[in-house]
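Written below as structure tokens is the structure these notes are about.
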4 protein chains.
Amino acid sequence: MSEHVQRSPERAKRLPRAVRERQILDAAVQVFSRYGYHSASMDEISDVAGVSKPMIYTYLGSKEDLFAQCIRREASRLLEAVESGIQPDLPPDMQLWHGLRSFYRFVADYRESWTVLHRQALAVGGSFAEEITSMRSRAIELVAALVVSAGSQKGLADQVEKSGEGLAAALVGAAESLADWWLDHSEVTDGVLASWLMNLVWLGFNDLVEGRVWTPSSSPAHNE
Amino acid sequence: MSEHVQRSPERAKRLPRAVRERQILDAAVQVFSRYGYHSASMDEISDVAGVSKPMIYTYLGSKEDLFAQCIRREASRLLEAVESGIQPDLPPDMQLWHGLRSFYRFVADYRESWTVLHRQALAVGGSFAEEITSMRSRAIELVAALVVSAGSQKGLADQVEKSGEGLAAALVGAAESLADWWLDHSEVTDGVLASWLMNLVWLGFNDLVEGRVWTPSSSPAHNE
Amino acid sequence: MSEHVQRSPERAKRLPRAVRERQILDAAVQVFSRYGYHSASMDEISDVAGVSKPMIYTYLGSKEDLFAQCIRREASRLLEAVESGIQPDLPPDMQLWHGLRSFYRFVADYRESWTVLHRQALAVGGSFAEEITSMRSRAIELVAALVVSAGSQKGLADQVEKSGEGLAAALVGAAESLADWWLDHSEVTDGVLASWLMNLVWLGFNDLVEGRVWTPSSSPAHNE
Amino acid sequence: MSEHVQRSPERAKRLPRAVRERQILDAAVQVFSRYGYHSASMDEISDVAGVSKPMIYTYLGSKEDLFAQCIRREASRLLEAVESGIQPDLPPDMQLWHGLRSFYRFVADYRESWTVLHRQALAVGGSFAEEITSMRSRAIELVAALVVSAGSQKGLADQVEKSGEGLAAALVGAAESLADWWLDHSEVTDGVLASWLMNLVWLGFNDLVEGRVWTPSSSPAHNE
DNA sequence: TATGAATGAGCATTCATTCAT
DNA sequence: CATGAATGAATGCTCATTCAT
């Protein structure tokens with residue numbers, strides 16, 4: 001179970017509290033992302049952090065507290081990364097494009113952060129799931145706003161209006177799923193991933209906005 | 001923690017093995033979906049199943065085994081449900097359409113199965129993640145085949161060829177994400193969900209196939 | 001710290017629950033009386049009981065629960081012992097006399113029970129102290145009733161009326177203190193101890209000095 | 001758990017050692033009396049004392065040492081208080097009377113000291129119990145001497161000779177018990193308590209009932 | 001077949017105690 | 001003199017798992 005995890009070589013001494021807290025959080029993210037909340041042991045975290053267990057409790061509180069702080073820190077990082085990649089004065093599609101690229105760069109740079117956020121946090125019931133879910137909801141709303149703003153620019157097709165949030169949820173899910181897929185197919189670049197998504201959902205979305213609609217009865221099997 | 005879970009009223013006796021196994025698996029899915037793998041206790045499962053713990057071990061093996069069998073059974077059910085909804089002689093888009101509707105009907109009918117598969121199984125490291133991932137991969141490949149077959153009907157654009165699996169992964173993710181979203185917005189029907197997805201991804205995909213491509217430089221900000 | 005404590009020699013097997021519970025409670029009283037609530041470890045209790053720790057938790061609950069049940073059981077035993085020694089149709093002084101003898105016999109027979117009740121239970125704050133205090137209060141009231149009934153038989157002197165409970169508290173304390181003293185001076189018999197107390201509080205030290213002595217046979221029940 | 005405990009507002013600096021030691025002991029008595037030996041934490045003591053933990057260790061040694069010194073200091077205070085209230089040239093009963101009043105005044109003035117001594121010290125096994133027991137023994141011997149001296153003045157009845165120490169133990173226990181009772185019935189004065197005891201043990205309950213009452217003014221020292 | 005009885009092993013958490021500054 | 005930083009060592013408790021009947 002505890003294969004090979006990076007650990008601080010020597011028990012460093014007398015560091016200021018802030019530094020220690022960062023060390024501990026780093027270690028915690030690493031371990032939580034590997035084993036999940038329940039299987040992760042405070043022993044291993046303290047080990048990886050190069051710090052004794054009591055310090056963890058003194059500085060960061062209980063295991064639950066620790067996990068919560070991991071989640072929050074990584075979620076903030078992710079949001080910041082994405083936001084910092086977006087220029088709000090660009091048109092919606094460019095915003096989405098840059099947002100997606102930033103997102104994938106983050107996933108690449110901080111695999112563990114992404115794993116904790118995406119894979120582990122939801123499985124742990126209670127407040128964590130809520131917290132994560134609410135962050136995800138915020139992301140979805142953000143995308144929905146983008147989608148709707150794009151639609152209104154072009155005359156806001158009915159389809160878009162009604163389904164904005166649903167479409168956004170689908171888009172976010174697609175992006176996440178592609179991120180997961182990427183973890184096992186790292187040969188493509190973040191730009192390629194973002195392109196795929198843009199082509200898949202943006203072109204489709206564009207059609208919608210311009211009045212082209214897919215319905216079961218419009219399928220070639222039926223309408224010719 | 002243990003709010004209100006259905007439990008068998010009386011300790012029944014001398015049932016054939018197959019029946020017992022089903023009872024146990026049902027209970028296990030119920031409990032796992034509520035609490036997640038680690039927080040679920042064999043005690044509660046045996047309680048809900050109306051069976052003593054040793055029986056579980058005799059019939060289904062360890063907790064890990066039990067979970068694996070839950071996963072497999074529910075995944076099979078899901079796949080069956082989806083496949084049985086598809087008529088292979090229809091055109092690709094209609095197949096996708098029917099597949100999506102079947103998928104959402106399954107999610108609605110077997111919430112717990114879906115929860116176990118989607119939320120819990122990935123968080124548990126090791127063999128489970130692999131198993132789930134491989135099943136998901138199969139689903140993705142299936143969709144990819146659909147996508148590619150649609151592409152080749154129309155002359156297989158390059159974009160599609162290279163990105164088929166990625167697009168499929170994105171589509172599957174979008175469908176899953178929308179399923180999650182649906183759990184909290186049950187006012188729309190499965191048909192609506194499927195429509196959204198078809199409009200979002202199929203129209204977009206169609207554009208691709210027909211040579212319309214989104215690139216950063218084709219965005220209005222750049223080409224005017 | 002863990003000098004030499006009697007322990008069950010062999011890990012006995014498959015005993016009915018009631019028996020195990022008794023074993024565990026016996027062991028717990030033994031260990032609590034030796035080390036006090038806090039220093040006693042569940043490990044040692046389980047060891048002495050010849051039972052694994054999980055059984056203790058399954059059968060008797062948490063350490064606090066366990067201690068509470070020890071207290072209650074021993075307190076009940078003590079009360080029963082004292083009450084069974086009293087014949088309510090005797091005059092008050094004879095009742096007191098027999099009650100005291102029973103009390104001291106109990107202390108002699110169940111040293112550990114007495115230690116737990118007297119020495120340990122009060123030091124642990126919270127509900128235990130309250131429980132013990134309330135039992136002690138009941139004992140005091142009982143004695144107070146005796147005292148007052150004796151007083152009213154003789155015309156109820158004012159002093160007695162006003163101070164009944166205080167006197168009873170003092171008497172109970174005297175009895176307890178003498179019990180403690182006895183633990184280090186076991187050469188005298190329970191009868192002697194009871195005599196001392198009767199002479200001290202019933203007759204009065206002054207009387208003693210002047211040659212008046214209370215003996216069971218000088219009680220009104222006998223000497224008329 | 002840590003409701004509201006007085007604490008030094010500002011971390012004072014550079015005080016002479018003796019002062020620091022007093023601060024710490026005061027805090028320790030306060031905390032030990034509230035929570036008992038085991039539940040009291042060095043952290044809280046240092047907190048209440050307004051001193052860092054290492055200082056405690058430097059000045060007073062281990063937790064055990066600290067507790068021992070609390071016990072000794074408070075016991076000394078108690079003994080001094082009682083002794084200073086006694087005038088050795090008075091007759092025994094008056095000495096007892098004054099001693100008791102001093103004792104109750106001490107209990108009233110230093111509740112915490114009394115609590116530590118009476119409730120906590122015995123429950124902690126090992127050397128503390130011995131120390132406390134030995135101090136209590138000294139008190140008992142003192143009283144015994146008083147009793148015996150009273151007896152010998154009047155011709156030393158046999159009963160007294162043999163049972164002197166036992167009687168004294170009973171008397172001391174009665175006084176302590178009454179002190180405890182007092183903590184919950186503070187409406188009576190220390191004089192009343194002392195009177196009750198004098199009447200109970202010195203004169204005898206029987207005497208009381210028959211109208212003979214001990215009062216300070218009826219003591220031989222005064223009424224002859 | 002079916003189960004109440006029993007446990008090994010692990011985990012979160014706490015606390016007295018000590019360095020390094 | 002004085003302390004924030006740091007930890008070794010316990011301890012209460014839980015849970016998957018297995019016998020003996």
Side-chain angles (χ1 to χ4, degrees), chain A residues 1 11-17 19-20 38-46 50-59 61-66, chain B residues 11-17 20 38-46 50-59 61-67, chain C residues 1 11-17 19-21 38-46 49-59 61-66, chain D residues 11-17 20 38-46 50-59 61-67:
Chain A
M1 266 278 175
R11 195 130 300 197
K13 298 214 166 180
R14 240 9 67 164
L15 295 183
R17 174 165 182 155
V19 176
R20 286 288 190 219
H38 284 102
S39 298
S41 84
M42 296 299 271
D43 268 302
E44 176 142 10
I45 293 174
S46 78
V51 153
S52 70
K53 263 190 299 178
M55 288 221 65
I56 303 186
Y57 285 91
T58 305
Y59 285 171
S62 71
K63 189 185 188 183
E64 205 167 317
D65 293 340
L66 180 58
Chain B
R11 196 133 297 199
K13 294 208 165 190
R14 300 271 153 177
L15 294 184
R17 173 159 182 157
R20 285 286 193 221
H38 284 102
S39 299
S41 82
M42 296 299 272
D43 269 302
E44 176 142 10
I45 292 173
S46 80
V51 154
S52 71
K53 267 190 297 178
M55 280 213 78
I56 301 185
Y57 284 89
T58 305
Y59 283 171
S62 72
K63 188 185 188 184
E64 209 166 312
D65 294 340
L66 180 58
F67 189 62
Chain C
M1 262 279 174
R11 196 131 299 196
K13 297 214 166 182
R14 245 359 80 157
L15 296 184
R17 176 168 181 150
V19 176
R20 286 287 190 221
E21 287 190 348
H38 284 102
S39 297
S41 83
M42 295 300 271
D43 269 302
E44 176 142 9
I45 293 174
S46 78
V51 152
S52 70
K53 261 191 299 177
M55 288 222 64
I56 303 186
Y57 284 92
T58 304
Y59 286 171
S62 71
K63 189 184 188 184
E64 206 167 316
D65 293 340
L66 181 59
Chain D
R11 196 133 297 197
K13 295 208 164 188
R14 301 270 151 177
L15 294 183
R17 172 160 182 155
R20 286 285 193 221
H38 284 102
S39 298
S41 83
M42 296 299 272
D43 268 301
E44 176 142 9
I45 292 173
S46 80
V51 154
S52 71
K53 267 189 298 178
M55 281 213 76
I56 301 185
Y57 285 89
T58 305
Y59 283 171
S62 72
K63 188 184 188 183
E64 208 166 313
D65 294 340
L66 181 58
F67 189 62

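So you know, we letter chains A, B, ... as the sequences are listed, proteins then strands, and number each from 1.
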Figure out the CG/P separation between B/Leu15 and E/dA2, and round it to whole Å.
7 Å
With sequence neighbours excluded, residues passing ring-ring contact (aromatic ring centres under 6.0 Å, His included) with A/Tyr59
none
So, does the side chain of D/Lys53 form a donor-acceptor pair with the base of E/dT18 at under 3.5 Å?
no
Heavy-atom nearest nucleotide on DNA chain F for C/His38 versus B/Pro54: which residue maps closer to 5'?
C/His38
For the OG atom of D/Ser46 and the CD1 atom of D/Ile56, what is their distance to the nearest 0.5 Å?
5.0 Å
Give C/Thr58 one of three labels, base, sugar-phosphate or nothing, depending on what nucleic acid heavy atoms sit under 4.0 Å from its own.
nothing
Name all residues meeting the side-chain hydrogen bond (donor to acceptor under 3.5 Å, both in side chains) criterion together with D/Lys53; count only those two or more places apart in sequence or in a different chain, and write none if there are none.
D/Asp43
In whole angstroms, the gap separating P of E/dT3 from CZ of C/Arg17 amounts to 18 Å
Between P on F/dT3 and CE on D/Met42, what's the gap in Å once rounded to a whole number?
15 Å
Between atom NZ in B/Lys63 and atom P in E/dG10, what is the gap in whole Å?
16 Å
Tell me, please, which residues at least two apart from B/Ser41 pass side-chain hydrogen bond (donor to acceptor under 3.5 Å, both in side chains).
none
Between A/Ser41 and D/Ser41, which is nearer to the 5' end of DNA chain E once each is assigned its nearest nucleotide?
A/Ser41
Where are the stems of DNA chain E, defined as at least 3 consecutive Watson-Crick or wobble G-U pairs with both distances under 3.5 Å?
E:2-21 with F:2-21
Between E/dC15 atom C1' and A/Tyr57 atom OH, what is the distance in whole Å?
14 Å
Partners meeting side-chain hydrogen bond (donor to acceptor under 3.5 Å, both in side chains) with C/Thr58 (sequence neighbours left out):
none
Could you measure the distance from the CG atom of D/Leu66 to the CD atom of D/Glu64? Nearest 0.5 Å is fine.
11.0 Å
Scan C/Met55 against the nucleic acid and name what it touches under 4.0 Å (heavy atoms): base, sugar-phosphate only, or nothing.
base
For residues A/His38 and B/Ser39, report the shortest heavy-atom separation together with the two atoms involved.
NE2-OG, 3.0 Å
How close or far is atom P of E/dA16 from atom CD1 of D/Ile45, stated in whole angstroms?
8 Å
Distance, rounded to the nearest Å, where C/Glu21 contributes CD and E/dA5 contributes P
10 Å
C/Arg20 side-chain N/O to E/dA5 phosphate OP1/OP2 under 4.0 Å:
no
To the nearest Å, give me how far apart CG (D/Asp43) and P (E/dA16) are.
7 Å
